[in-house]
Amino acid sequence: MSATRSVEYDVKDISLAPEGKRRIEWAEREMPVLRLIRERFGADKPLQGVRLIACAHVTTETANLVRTLQAGGAEALLIASNPLSTQDDVAASLVADCGVPVYAIKGESTETYNKHVRTALDFRPEIIIDDGSDVVATLIKERQSQIKEVFGSTEETTTGIVRLRAMETAGVLPFPAMAVNDAQTKHFFDNRYGTGQSTIDGIIRATNILMAGRTFVVIGYGWCGKGVAMRARGLGANVVVTEIDPIKAVEAVMDGFRVMPMTEAATIGDVFVTVTGNRHVIDGQHFARMKDGAIVCNSGHFDLELNLDALRAMAEPVQQLRRFVEEYKVRETGNRVIVLGEGRLINLAAAEGHPASVMDMSFANQALSVEYLVRKRGELPAGVHILPQEVDTEIAGLKLRALGIGIDTLTAEQLEYLNSWETGT
Ligand SMILES: NC(=O)c1ccc[n+]([C@@H]2O[C@H](COP(=O)([O-])OP(=O)(O)OC[C@H]3O[C@@H](n4cnc5c(N)ncnc54)[C@H](O)[C@@H]3O)[C@@H](O)[C@H]2O)c1
């Protein structure tokens with residue numbers, strides 16, 4: 001990595017760059033698929049001159065995505081997609097070593113976060129890489145005159161895609177938006193194994209609690225919830241699942257977990273994790289029922305899964321016990337409820353987010369989605385799109401190759417059989 005030019009930026013401390021550089025290079029070792037794409041981008045320059053902003057968790061893996069986009073010829077600017085998820089050394093290195101304008105500081109206020117979103121839009125992007133759809137929503141709400149300059153966006157996470165589909169239904173989504181999360185090589189692995197491991201990592205780094213023997217409540221049994229439940233069980237916790245979808249609830253039962261309503265789970269849980277993408281799934285009535293010392297956190301995209309306003313209203317002033325650990329004493333019961341990471345995604349607030357090996361496939365999807373938007377410029381209708389299935393399959397194939405794992409291919413006889421209907425009993 002070498003500095004290309006001096007740029008404007010807003011990072012915590014530019015002198016952290018050397019440590020960031022070392023960690024970015026460490027992550028890169030676990031990202032062979034993205035590396036292959038970067039090599040091809042470097043040779044072919046498919047993104048030459050494209051002005052692009054990325055709103056993402058500023059982590060070592062994101063840094064490798066930004067380097068890939070730069071290698072393809074894009075002019076990229078990066079902002080944080082969450083006030084607590086930035087790794088300040090990575091932000092510094094991207095500025096100092098790669099010449100990327102970065103606007104991201106761990107612990108920035110919501111006001112600064114929103115200011116950075118507007119700074120990014122001032123960059124006059126043609127492509128937006130979004131994570132949670134805050135940039136696209138701000139563009140639509142505040143920058144109508146700029147919309148014609150944008151020829152597409154990509155979206156990283158489930159919650160952002162829910163928002164994009166709502167925009168599409170309301171008739172306000174003005175361009176094609178690539179639903180990166182909906183690629184199988186993204187949500188099967190990132191949401192399940194990435195969130196599964198890193199959420200537990202965040203809880204342990206914040207608290208250093210022993211998981212074995214605890215009653216661990218997972219709220220939401222979607223892709224992320226499945227991963228969190230699976231890994232909590234692996235560490236010896238007694239896992240309880242709550243759901244609102246009967247199919248997911250049956251799946252959790254058959255996977256061997258206890259399923260019950262949240263009002264009941266609230267009374268028995270030692271640790272609670274929300275992963276629903278929904279609002280106030282732990283509400284005042286649940287906090288009121290919790291045992292003394294219950295630990296509560298969120299790994300869903302936004303910090304609204306826990307109703308912390310309700311908790312604040314029913315509790316004594318908060319006590320900071322240690323970094324990312326705050327205690328609320330509920331007046332009515334006298335019980336203490338411990339909230340981690342201010343209710344923001346705990347895997348990024350208290351740990352480092354997903355391991356690079358899983359982000360390799362997520363960000364391969366991001367890079368190829370950006371390339372797809374550039375290649376199809378002017379051809380795709382406004383709306384939510386997903387990458388063609390063969391790209392998904394190719395990413396999985398590359399990952400297997402990088403892992404040194406071979407698989408079988410269909411024989412001509414099998415192919416013919418699968419495409420015929422005549423042969424039966
Ligand atoms: N922490 C991370 O790094 C990370 C990574 C990927 C996704 N996410 C975010 O995590 C959230 C979940 O993502 P996902 O891919 O698992 O989504 P998903 O749609 O697969 O699963 C969400 C589940 O929550 C359930 N649910 C909704 N409301 C509920 C309620 N009131 N009580 C109980 N269950 C409820 C739904 O029925 C669904 O099964 C999203 O906000 C997503 O953006 C976070």
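Every number for a ligand or one of its atoms is a count from 1 in the order of the listing. From a predicted model like this one, the values you see are computed outputs, not experimental measurements. Atom set for the values below is all heavy atoms of this structure, side chains included, hydrogens, waters and symmetry mates excluded.
- Both tests pass for R51 against the ring of F123: distance under 6.0 Å to the centre and angle within 45° of the axis.
- The heavy atom nearest to atom 12 (C) of ligand 1, out of those in V275, D245, T199, is found in V275.
- Contact annotation: for T276 versus ligand 1, heavy atoms closer than 4.0 Å belong to both the backbone and the side chain.
- Ranking the protein heavy atoms by distance from atom 31 (N) of ligand 1 puts V281 CG1, 3.2 Å first.
- Protein heavy atom nearest atom 6 (C) of ligand 1, with residue, atom name and distance: C224 SG, 3.6 Å.
- With hydrogens left out, the protein atom closest to atom 10 (O) of ligand 1 is G300 CA, 3.5 Å, a heavy atom.
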Which donor-acceptor pairs under 3.5 Å do side chains of residues 395-408 form with protein atoms, sequence neighbours excluded?
residue: K399; atom: NZ; partner: S357; partner atom: O; Å: 2.8
residue: K399; atom: NZ; partner: S357; partner atom: OG; Å: 3.4
residue: K399; atom: NZ; partner: D360; partner atom: OD2; Å: 3.0

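- Looking from atom 37 (O) of ligand 1 to the surrounding protein, the closest heavy atom is E243 OE1, 2.8 Å.
- Environment of NZ in K141: sparse, with no more than 12 heavy atoms of neighbouring residues, nucleotides or ligands closer than 6.0 Å.
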Donor-acceptor list for residues 315-327 side chains, cut-off 3.5 Å, not counting sequence neighbours:
residue: Q320; atom: NE2; partner: R322; partner atom: O; Å: 2.7
residue: R322; atom: NE; partner: A206; partner atom: O; Å: 2.8
residue: R322; atom: NH2; partner: A206; partner atom: O; Å: 3.2

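- Not a single heavy atom of H57 sits closer than 4.0 Å to an atom of ligand 1.
- The residue M262 has no part lying near ligand 1, judged by heavy-atom distances below 4.0 Å.
- At least one N or O atom of H301 sits closer than 3.5 Å to an N or O atom of ligand 1.
- Once rounded to the nearest 0.5 Å, the distance linking OG of S362 with CG of N191 reads 7.5 Å.
- Between the side chains of T157 and N181, no donor-acceptor pair of N or O atoms lies under 3.5 Å.
- Counting the atoms of ligand 1 from 1 in the order shown, those under 4.0 Å from a heavy atom of L345 are 1 (N), 2 (C).
- Atom numbering of ligand 1 starts at 1 in the shown order; those under 4.0 Å from a heavy atom of T157 are 6 (C), 7 (C), 8 (N), 9 (C), 42 (C), 43 (O).
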Working note: R258 + V239, criterion side chain to side chain contact (heavy atoms under 4.5 Å, CB included); need CA distance, chi angles, decisive distance, verdict. CA-CA 7 Å; R258 276 188 294 164; V239 179; over 6 Å; no
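- Regarding atom 5 (C) of ligand 1, its nearest protein heavy-atom neighbour is T195 OG1, 3.2 Å.
- Counting protein heavy atoms only, atom 41 (O) of ligand 1 is closest to T159 OG1, 2.5 Å.
- The protein atom (non-hydrogen) at minimum distance from atom 29 (C) of ligand 1 is I244 CG1, 3.4 Å.
- Partner E352 forms a side-chain hydrogen bond (donor to acceptor under 3.5 Å, both in side chains) with one of R23, Q87, H57 and no other, that one being R23.
- Annotation for ligand 1: atoms under 4.0 Å from non-hydrogen atoms of G277 are 11 (C), 40 (C), 41 (O).
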Should N298 and T274 be marked as a side-chain hydrogen bond (donor to acceptor under 3.5 Å, both in side chains) after you check the CA-CA gap, both sets of side-chain angles, and the distance that decides it? CA-CA 5 Å; N298 166 51; T274 54; 2.8 Å; yes
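- Taking distance alone, with nitrogen or oxygen atoms compared against 3.5 Å, N181 stays at or beyond that limit from ligand 1.
- With a 6.0 Å cutoff to the six-membered ring centre and a 45° limit on the axis angle, R233 counts as a cation-pi contact of F257.
- Both the backbone and the side chain of T158 come within 4.0 Å of ligand 1, judged by heavy-atom distances.
- Among protein heavy atoms, the minimum distance from atom 1 (N) of ligand 1 is reached at S299 O, 2.8 Å.
- Defined by atom type and a distance below 3.5 Å, a donor-acceptor pair is missing between the side-chain atoms of E61 and H354.
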